[in-house]
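Have a look at the structure below before the remarks.
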Amino acid sequence: MRTSWADSADNSANGSGNTNASACPPRGAYVPPHLRNRTLSSEAPPPPPAAHPAPLPVNDRVNHGGQVTHQGGYFKADHGRQQQQQGYGSSFQSGGWNGRGVGRERGRREVNPFENDEAEDLSISEQENTGINFDAYDDIPVETSGENVPPPVNTFAEIDLGDALNQNIQRCKYVKPTPVQRYAIPISLSGRDLMACAQTGSGKTAAFCFPIISGIMREQYNQRPRVARTAFPLALILSPTRELSCQIHDEAKKFSYQTGVKVVVAYGGAPITQQLRELERGVDILVATPGRLVDLLERARVSLQMIRYLALDEADRMLDMGFEPQIRKIVEQMDMPPPGIRQTLLFSATFPKEIQRLASDFLSSYVFLAVGRVGSSTDLIAQRVEYVLDSDKRSHLMDLLHAQRETGIDGKQGLTLVFVETKKGADALEHCLCVNGFPAASIHGDRTQQERELALRSFKTGNTPILVATDVAARGLDIPRVAHVVNFDLPNDIDDYVHRIGRTGRAGKMGLATAFFNEGNLSMAKPLADLMQEANQEVPAWLTRYAARATYSGGHRNRRSGGSRFGGRDFRKDGSLNKGTTDFHGGGTGGGYGNYGGGYGQGVTSAWD
DNA sequence: AAAAAAG
């Protein structure tokens with residue numbers, strides 16, 4: 001049976017190598033629903049087949065705190081050759097509040113990172129730009145655990161961050177700290193290590209940048225080694241994608257404006273020479289992706305021996321299988337000071353227990369902090385699931401986009417972010433949309449860095465209000481005005497789903513997330529249904545039926561599957577799994593909800609268990 | 001099996 005024009009187009013266009021995905025129809029072939037005469041396949045999915053018992057996931061990995069192999073000396077005294085290197089210097093002679101040459105940066109005037117904000121203020125409506133909607137932050141559940149957790153603050157004024165930083169906070173129009181900031185900043189300022197679960201878009205970057213900048217300004221780091229052409233940053237911030245590193249860098253520049261604290265970014269796909277030049281001019285905070293940093297370390301253009309602060313953004317991704325070896329190399333096998341000497345801050349919106357266990361290798365007597373997600377688990381993101389066959393996905397997507405265009409989902413052009421599984425799929429879908437008159441761009445790891453950045457810019461400005469993306473765009477990216485996230489292909493991991501839909505409903509604004517589900521996503525049925533239920537979303541009856549089968553299709557292909565879906569729980573509290581050294585089992589210690597002044601009692605909802 | 005991250 002032919003279910004849509006997409007099927008008929010399947011054979012005609014694009015005869016090469018296009019396997020199962022339906023090919024694009026010829027130009028202008030899109031026909032809006034009301035002009036068509038067909039039944040949408042999403043109306044009545046086939047019933048799920050008979051149930052069979054699902055195997056229990058095996059989960060008995062125990063990881064006792066890894067031996068830290070630190071290779072001596074944080075300071076090699078004798079690396080001679082004190083070149084009067086032009087440019088490499090200001091960090092040597094400074095210290096104390098604002099003692100770092102405010103406003104002048106080695107002869108080069110510091111660019112005002114707030115300059116463009118004025119222009120944006122005018123182009124974007126008032127309401128759009130007032131930053132975070134704080135009403136949405138009331139009644140957010142917060143959990144802390146660990147020994148002697150420093151109490152939260154209610155205002156920035158309560159914290160002694162220094163004048164320069166306070167001015168930048170004002171310039172950023174931050175009025176009061178978000179929940180994650182209220183807790184994380186005092187904890188970090190007190191010198192404690194931190195593992196924090198908090199949705200991006202809730203002010204996470206500032207939560208780890210403020211204490212780092214403040215700490216660097218406060219201390220007297222006037223003794224840095226002088227090795228020709230080697231940079232000695234005091235803080236390292238790692239993130240899993242280049243675009244995210246750029247974004248963190250941009251934010252950190254704002255926060256450190258006129259503080260004298262120098263922020264440099266290093267990532268792959270861009271010419272290294274410029275990054276090397278920046279590093280030679282001196283660096284206090286280095287923001288980087290792992291690959292490029294390893295390159296710089298091997299070239300001895302960067303040394304980590306002066307690192308006092310290490311922050312991992314999207315920490316669970318950084319410690320996932322693909323990244324873990326590189327991260328261990330950087331953190332444990334180069335010259336970085338060990339936990340306890342440096343301060344380590346881990347942030348992510350999701351934190352599976354297995355990853356928490358790995359992460360504890362990097363931490364010393366840390367505080368665990370979980371802040372209820374601003375987007376996903378509240379009403380801010382309306383989640384929908386629709387049953388759509390692969391062959392119908394394209395036409396169905398265009399129906400959605402078409403309807404959206406007519407109704408104007410939020411007045412003016414809301415942006416739509418479409419996630420697909422593969423890079424090839426992203427290219428194909430982008431082409432298909434463009435050919436059918438939907439202005440789309442695409443971003444994925446096989447495109448050049450230039451193309452990636454162009455696509456992102458074009459999306460942000462609304463020039464191409466549709467962006468087709470792989471998971472490269474799933475995490476951390478702060479794109480205002482994303483009104484709709486479409487999971488054209490569902491991910492295989494519910495945490496990835498959480499991060500993807502988190503691109504909308506940011507900073508307290510509303511968002512919509514639509515997922516296309518079919519028989520190819522059986523393993524997601526239960527986690528998805530559970531997640532939606534916990535978020536008070538309407539779960540279609542057919543999805544509940546699929547979920548009831550509770551398939552774990554073959555063992556533990558999902559290493560993160562296991563218990564608490566929201567990752568909002570300290571794995572150290574999980575007695576049966578915890579045979580390790582750091583057991584804070586007596587959970588009452590200073591943690592819990594006692595410190596929270598806000599209006600929620602024990603009414604912490606299912607999201608936290 | 002896929003994506004990301006060095007060149």
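Only this structure's heavy atoms are used, side chains among them; waters, hydrogens and symmetry mates stay out. Since the model is a prediction, treat every value here as computed from it, not as a measurement. Below, chain A is the first sequence line, B the second, and so on; all start at residue 1.
For the side-chain hydrogen bond (donor to acceptor under 3.5 Å, both in side chains) criterion with Ser442(A), the lone passing option out of Arg447(A), Lys423(A), His431(A) is Arg447(A). With Phe517(A) as the partner, the ring pair (Phe, Tyr, Trp, His ring centres under 6.0 Å) test is satisfied by one option alone out of Tyr546(A), Phe488(A), Tyr497(A): Tyr546(A).
Summarising the geometry, the separation between OH on Tyr267(A) and C1' on dA6(B) is reported as 14 Å, rounded to the nearest angstrom. Distance, Leu293(A) CG to dG7(B) C1': 16 Å, rounded to whole Å. The interatomic distance linking Glu298(A) (CD) with dG7(B) (P) rounds to 12 Å, in whole Å. Going from atom CD of Glu421(A) over to atom P of dA4(B) covers 10 Å, rounded to whole Å. Per the geometry, CG belonging to Leu238(A) stands 11 Å off P belonging to dA6(B), to the nearest Å. Look at CZ on Arg475(A): it is 16 Å from P on dA3(B), rounded to the nearest Å. Distance Ile327(A) CD1 to dA6(B) P: 10 Å, rounded to the nearest Å. Taking atom CG on Asp446(A) and atom C1' on dA5(B), their separation rounds to 12 Å, with Å as the unit.
At least one cation-pi condition fails for Lys353(A) and Phe571(A): the charged atom is not both under 6.0 angstrom from the six-membered ring centre and inside a 45 degree cone around its axis.
Within the 4.0 Å cut-off from OP1 or OP2 of dA5(B), at least one side-chain nitrogen or oxygen of Arg452(A) is found. Between dA4(B) and Thr470(A), a contact under 4.0 Å exists linking OP1 or OP2 to a side-chain N or O. Between Thr289(A) and dA4(B) there is no side-chain N or O to OP1 or OP2 distance below 4.0 Å.
A donor-acceptor pair shorter than 3.5 Å cannot be found between the side chains of His499(A) and Asp471(A). Counting only N and O atoms by type, the side chains of Glu243(A) and Gln247(A) include no donor and acceptor under 3.5 Å apart.
If you check residues 239-249 of chain A against DNA chain B, the residues with a heavy atom closer than 4.0 Å are Pro240(A), Thr241(A), Arg242(A), listed by number.
Out of dA4(B), dA6(B), dA1(B), the shortest distance to the side chain of Lys423(A) is found at dA4(B).
The side-chain heavy atoms of Leu346(A) and Phe351(A), taken from C-beta on, include a pair separated by under 4.5 Å. Residues Phe208(A) and Leu194(A) form no side-chain contact, since every pair of their non-hydrogen atoms from C-beta on lies 4.5 Å or further apart.
Within the nucleic acid shown, Arg299(A) has no heavy atom closer than 4.0 Å to any nucleic acid atom.
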